[in-house]
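One structure is given here, and the rest of the page talks about it.
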Amino acid sequence: MGMSYRRYLSGERIYGCMNCKTHLATIHTMMSRAFNGQHGRAYLFDGVVNVIEGEPDDRPMTTGNHTVRDIYCVKCGTTLGWKYDKAYEPSQKYKEGKYILERNLLVDVQ
């Protein structure tokens with residue numbers, strides 16, 4: 001496949017993987033802090049970098065059924081959260097294509 005390169009982000013606040021500090025997102029791509037994950041508080045982001053997406057999976061969540069993909073750190077493979085592929089409830093459609101990163105799995109890099 002070839003060598004993969006990680007993206008490095010710049011800005012006032014950068015979130016990274018808690019294990020290897022690989023850059024994932026900036027505060028400017030955060031849409032909401034009002035989410036919960038498997039490990040506590042979670043943040044909704046419009047875009048993230050340096051992740052690998054798993055296979056789609058239909059899951060019942062507190063806001064209805066969604067098709068999601070787990071996301072993993074490209075460097076160390078730590079599960080970081082998930083990506084929303086499809087929301088079945090009309091009121092939840094805004095989540096499609098967005099990412100959840102769990103706060104307890106993140107570190108402030110900068």
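The analysis underlying the following values was restricted to heavy atoms, covering all of them including side chains, and did not include hydrogens, waters or symmetry mates.
The side-chain heavy atoms of V51 and V49, taken from C-beta on, include no pair separated by under 4.5 Å. With contacts defined as side-chain heavy-atom distances shorter than 4.5 Å, the pair M30/L44 does not qualify. By the 4.5 Å heavy-atom criterion applied to side chains, T22 and V109 are not counted as neighbours. Looking at E89 and H66, their side chains never come closer than 4.5 Å, going by heavy atoms from C-beta outward. When side chains are defined from C-beta on, I100 does not count as touching K95, because their heavy atoms never get closer than 4.5 Å. For the pair R69/D85, a side-chain contact is recorded, criterion being any heavy-atom separation below 4.5 Å from C-beta on.
For residues 88-108, no pair satisfies ring pair (Phe, Tyr, Trp, His ring centres under 6.0 Å), with sequence neighbours left out. Residue pairs meeting the salt bridge (Lys or Arg N to Asp or Glu O under 4.0 Å) criterion with at least one partner in residues 39-48, sequence neighbours excluded, are D46-K98. Applying the salt bridge (Lys or Arg N to Asp or Glu O under 4.0 Å) rule to pairs touching residues 5-18 yields R13-D108, sequence neighbours excluded.
Following chains of ILVMFWY side-chain contacts shorter than 4.5 Å, one can reach M31 starting from V68, so the two form part of one hydrophobic cluster. A continuous path of Ile, Leu, Val, Met, Phe, Trp and Tyr side chains, each step under 4.5 Å between heavy atoms, connects V107 with L9, placing both in one hydrophobic cluster.
For R59, the side chain to side chain donor-acceptor pair (under 3.5 Å) partners at least two apart in sequence or on another chain are D57, D70. F45 is linked by a ring-ring contact (aromatic ring centres under 6.0 Å, His included) to Y15, counting only residues two or more places apart in sequence or in another chain.
Contact record, L101 with A25: CD1-CB, 4.3 Å, taken as the closest heavy-atom pair. Looking at every heavy atom in both residues, L24 comes nearest to C17 through CD1-N, 3.5 Å. The minimum heavy-atom distance between P56 and T67, with the atom names listed, is CB-CG2, 3.9 Å.
Atom NZ of K86 sits about 11.0 Å away from atom CG of N65, to the nearest 0.5 Å. Atom CD1 in I14 sits 13.0 Å away from atom CG in L106 (nearest 0.5 Å).
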Pairs of donor and acceptor atoms involving the side chains of residues 74-83, under 3.5 Å and at least two apart or interchain, shall be tabulated with distances.
| residue | atom | partner | partner atom | Å |
| --- | --- | --- | --- | --- |
| T78 | OG1 | N19 | ND2 | 2.5 |
| W82 | NE1 | Y84 | OH | 3.4 |
| K83 | NZ | E53 | OE2 | 3.4 |

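Between the E102 side chain and the A42 main chain, no donor and acceptor come within less than 3.5 Å of each other.
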